[in-house]
Amino acid sequence: MAHQWRGVIREYADRLPVTEATKVITLGEGGTPLVHARKLSELTGSEVYLKVEGMNPTGSFKDRGMTMAMTAAVEAGAKAVVCASTGNTSASAAAYATAAGLKCAVLVPEGKISMGKLSQAIAHGATLLQVDGNFDNCLDIARKLGEAYPVFLVNSVNPARIQGQKTGAFEVVDSLGDAPDIHVLPVGNAGNISAYWKGYKEYSAPFETANGTLPAVSTKTPIMWGFQAAGAAPFVAGHPITEPDTIATAIRIGNPASWDTAVAARDESGGLIEAVTDDEILAAHRWLSAKEGVFVEPGSAAGVAGLIKKHAAGEVPSGKTIVITVTGHGLKDPQWALRTEDGSDVQPVKVPNDVVTVAAELGLEEN
Ligand SMILES: *Cc1c(COP(=O)(O)O)cnc(C)c1O
């Protein structure tokens, strides 16, 4: 019988803080493809896979955490939710709040939010306020609203979000049959690197549930490699950055909320968190679309940029299994695909309504 994916809570209920009685708010998130990256594999001599999180209902991995956060909000009797966002959290919160029948308020930083993400929040009926400040300022206000006003905070400082997001690691192991050797991903607010590490650890050891102990699923945990944008790289600096700046808006964060858990993920796994420049991010963005057939938003390409950079430095081992999470869909922020390397925009070639001219333009000769 055909099996329809039921969303991450129902698929992984025994490993999440939910019960039979929980009213699950889902849009069918998770179950995203693990795509073999032909050209990155050729480049590195390792088997490289892309976990394509743009295939989630609102086009980013944020949906994995939002199903948990919104389910928790409903369980807590909330009537309204709030979040700060660089864009994707607001798109996800707005959609899941609609599914839950809750009001949703989102705080986004002045400018630098992609049209795709803004339009999602608006389409789903969220109240969107653009704060005169950056993401870190927005998160500050959202946290205070959650503490002192009757609204439920759905940012990744809410532990339910991390619980949902750890299912990304479960799916990777379930697809590959074991954990990869290296897991690579972009790092912004650092919730996702924390969540993957949590997921990999839980899958590699016996896991206690209310109904007994589940056996370990994987034989090992991967080394975690996180990459930040050079203009927004607090983990590389070792301290928060006051004025984070990068074209990769999804990771334009100077004061990551999940600081300690991200440092733990890096250090316990024997991994690293390094920086890539905006040019390296855009080159990786082009590599993904032109060589692998996977279209992502710029922030999503930071992990790939990091792998390419480490390879150039001779620091990527061959013969290993490497998974890179590409975090959000290219249609979120499509104008980057039209930008040529000299900074101008690609213009379509105009042709008359005539097959001979079209064939000539395509360089085709008649059979
Ligand atoms: C949120 C987001 C990130 C950053 O993830 P963190 O958990 O904040 O580190 C990266 N890419 C995309 C597309 C995102 O939406």
Side-chain angles (χ1 to χ4, degrees), residues 29 32 50-66 69 83-93 95 106 108-109 112-114 116-118 120-121 135-136 138-139 154-159 161-166 168-169 183-199 224-229 232-235 244 246-263 265-266 273 276 281 284-285 288 294-306 324-334 336:
E29 61 296 315
T32 55
L50 304 169
K51 183 67 171 156
V52 184
E53 289 292 274
M55 297 305 286
N56 276 296
T58 77
S60 85
F61 75 83
K62 298 297 197 297
D63 296 341
R64 292 181 186 276
M66 206 53 76
C83 68
S85 178
T86 60
N88 280 330
T89 298
S90 64
S92 186
V106 304
V108 298
K112 309 239 182 180
I113 294 277
S114 83
K117 300 172 192 178
L118 265 184
Q120 284 179 290
F135 169 82
D136 304 295
C138 292
L139 182 56
V154 293
N155 277 103
S156 60
V157 292
N158 180 327
R161 284 273 308 277
I162 304 298
Q163 287 284 350
Q165 285 175 210
K166 77 184 181 188
H183 190 109
V184 189
L185 76 177
V187 174
N189 215 20
N192 215 26
I193 190 170
S194 306
Y196 268 94
W197 181 239
K198 180 176 173 62
M224 302 298 293
W225 282 6
F227 290 94
Q228 303 207 277
F235 288 107
T246 166
I247 56 103
T249 52
I251 52 173
R252 187 166 168 261
I253 293 172
N255 189 11
S258 299
W259 186 283
D260 295 343
T261 46
V263 167
R266 179 191 69 191
I273 300 178
V276 286
I281 288 172
H285 178 259
L288 282 169
V294 174
F295 191 30
V296 303
E297 62 170 284
S300 300
V304 173
I324 312 174
T325 302
V326 289
T327 43
H329 204 289
L331 292 175
K332 296 271 191 178
D333 218 350
W336 294 103

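Each ligand, and each atom within it, is numbered from 1 in the order the structure gives. The model shown is predicted, which means the values in this text are computed figures rather than measured ones.
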Test item: K62 and E53 side chains (from C-beta on) under 4.5 Å apart, heavy atoms =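 They are not in contact (no side-chain heavy atoms under 4.5 Å apart), so the answer is no.
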What orientation do F295 and H285 show, parallel under 30°, tilted 30 to 60°, or perpendicular over 60°?
->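 Geometry flag for H285 against F295: tilted rings.
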Table please: side-chain donor-acceptor pairs of residues 187-194 below 3.5 Å, with sequence neighbours left out.
residue	atom	partner	partner atom	Å
N189	OD1	A257	N	2.9
N192	OD1	Q165	NE2	3.1
S194	OG	A190	O	2.7
S194	OG	T261	OG1	2.8
S194	OG	A262	N	3.4

Not counting sequence neighbours, which residues clear side chain to side chain donor-acceptor pair (under 3.5 Å) with K332? List them please.
->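 Listed in chain order: N88, Q120.
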With sequence neighbours left out, what residues match Q228 under side chain to side chain donor-acceptor pair (under 3.5 Å)?
->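 By the side chain to side chain donor-acceptor pair (under 3.5 Å) rule, Q228 matches no residue at all.
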What are the two closest heavy atoms between C83 and N155, and how far apart are they?
->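 Residues C83 and N155, closest heavy atoms: CA-OD1, 3.2 Å.
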Tell me the residues surrounding ligand 1, counting only those with a heavy atom closer than 4.0 angstrom, sorted by chain and number.
->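 Ligand 1 pocket, heavy atoms under 4.0 Å: F61, K62, N88, V187, G188, N189, A190, G191, N192, A250, I251, E297, S300, T327, G328.
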